[in-house]
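Below: the structure, in structure tokens.
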Amino acid sequence: MDKPVILTGLRSNNDLHIGNYFGALLPLIEMAKNNSGKYQINLFVPDLHSFTTPVDHPGLYKQTLHNLRLYVAAGLPIDDTNIHIYRQSAIPAHSELTWILDCFTSYSMMQRMTQFKDKSKNLIDEQANSSEITVGLFNYPVLMASDMLLYGAQYIPVGDDQTQHIEYARDIAERLNSKFGDLFVLPKPVSEQHKFFGREQGLRIKDLVNPIKKMSKSTESDKGVLFLGDSPQSAKAKVMAATTDSYGRINLDADNQPGITNLLQILSLLKNESMEDVANEWVGKTSYGDLKTAVGDMIADFLVKLQDNMSKVDENSIINRLETDEKLMNLQANETLYKVQRAVGLRP
Ligand code: AMP
């Protein structure tokens with residue numbers, strides 16, 4: 001760990017949609033490319049975190065490889081040795097450190113985590129079985145702290161919903177450092193994270209059927225969600241059936257014409273043009289059908305290219321990369337874990 005570490009995780013529970021692609025995946029790849037060289041970049045698959053909410057167990061392993069292929073197809077440089085790709089579950093130190101940190105974390109501290117409150121409320125709203133609200137969901141911020149502290153990660157791009165988890169990781173690291181001597185490098189405070197990465201752009205692609213809600217894989221119906229694995233024809237059909245309004249004139253107006261505005265937004269992302277340019281071309285026109293056809297054709301083209309790129313990604317190159325990086329990450333993580341084990345009296 002000679003260079004400062006940037007750490008970020010890519011969950012692989014489900015098929016991703018275009019909101020994930022433009023809102024998370026592309027910015028993450030850009031960030032990794034821009035900082036490679038000056039920083040060590042840890043791009044890990046938090047597969048142990050997958051179990052904090054219901055998951056398709058038989059499909060999980062395949063989904064992990066599928067999503068890594070997607071990242072490579074979207075431009076992640078697989079041969080850049082500054083970017084480390086690894087599975088959390090392949091580094092046992094994550095689980096071991098979590099247990100130790102658990103025993104230094106008060107129940108009341110975890111109870112204050114708003115993510116747990118929100119996610120468990122969502123499960124209750126979805127009328128999930130109460131056994132689905134697990135201890136794993138409750139204390140996953142501790143696993144998240146281990147993810148960071150094992151590698152001395154200083155920069156972790158997170159949304160506002162994860163702010164508390166960075167603060168908790170700093171807190172536990174500071175407390176153990178003052179009790180046992182310098183064990184951990186602290187993640188930077190949230191304000192510095194924002195300075196480093198820039199605030200989240202706030203991009204929110206909306207559901208095609210209900211454009212008041214954000215596009216999300218947890219929505220009951222797939223009709224409003226453009227999945228990256230959709231066939232180009234079915235994606236176009238979803239766009240053609242998108243909810244619009246009865247104004248009869250295209251405007252950029254998220255409050256009154258959320259469906260049309262969402263289509264303009266999607267078009268600007270697919271064409272890689274500013275919203276201003278897209279608006280110049282479309283605002284004032286009256287045919288919603290023309291706009292839908294333009295977006296539908298663009299999404300179909302986009303999916304043809306992306307899926308073609310994916311089919312060309314050699315899965316062996318990903319597996320080789322995982323094996324090499326996981327060896328190195330085990331060395332780094334075990335060094336930290338050993339320091340902690342000695343400090344707490346488990347080792348001589
Ligand atoms: P999720 O798995 O739903 O938490 O999504 C992972 C990440 O994808 C989020 O943190 C966002 O950065 C991004 N994302 C998810 N849904 C959307 C959306 N509808 N529009 C833009 N970005 C999104």
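As the structure lists them, so they are numbered: ligands from 1, and atoms in each ligand from 1.
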Only heavy atoms of Lys217, strictly under 4.0 Å: list the atoms of ligand 1 that pass. 2 (O)
Only heavy atoms count here, so choose which of Lys213, Arg204, Lys214 is nearest to atom 11 (C) of ligand 1. Arg204
Restricting to side-chain contact (heavy atoms from CB on, under 4.5 Å), what partner residues turn up for Val209, sequence neighbours left out? Asp207, Lys223, Thr243
For the residue pair Gln332 / Gln40, report whether a side-chain donor-acceptor contact shorter than 3.5 Å exists. yes
Under 4.0 Å from one or more heavy atoms of Ile205, ligand 1 contributes atoms 18 (C), 19 (N), 20 (N), 21 (C)
For Gly23, counting its heavy atoms only, list the atoms of ligand 1 lying under 4.0 Å from any of them. 12 (O), 22 (N)
Apply ring-ring contact (aromatic ring centres under 6.0 Å, His included) to Tyr140 and list each qualifying residue two or more places apart in sequence or on a separate chain. His49, His165
Test item, His17 contacting ligand 1 (heavy atom, 4.0 angstrom): yes
Is it the case that one hydrophobic cluster holds both Val344 and Leu97, taking links as side-chain heavy atoms less than 4.5 Å apart, direct or via other members? yes
Given Ala24, Ser216, Pro157, which has its nearest heavy atom closest to atom 13 (C) of ligand 1? Ala24
Starting at CG of Asp314, measure out to CZ of Arg69 and round the result to the nearest 0.5 Å. 8.5 Å
Are Leu65 and Leu43 linked, directly or through intermediate hydrophobic residues, by side-chain heavy-atom contacts shorter than 4.5 Å (ILVMFWY only)? yes
Give yes or no for whether the N/O distance cutoff of 3.5 Å, strictly under, is met between Met215 and ligand 1. yes
Proximal candidate to atom 21 (C) of ligand 1 [heavy atom criterion; set Asn20, Leu203, Thr53]: Leu203
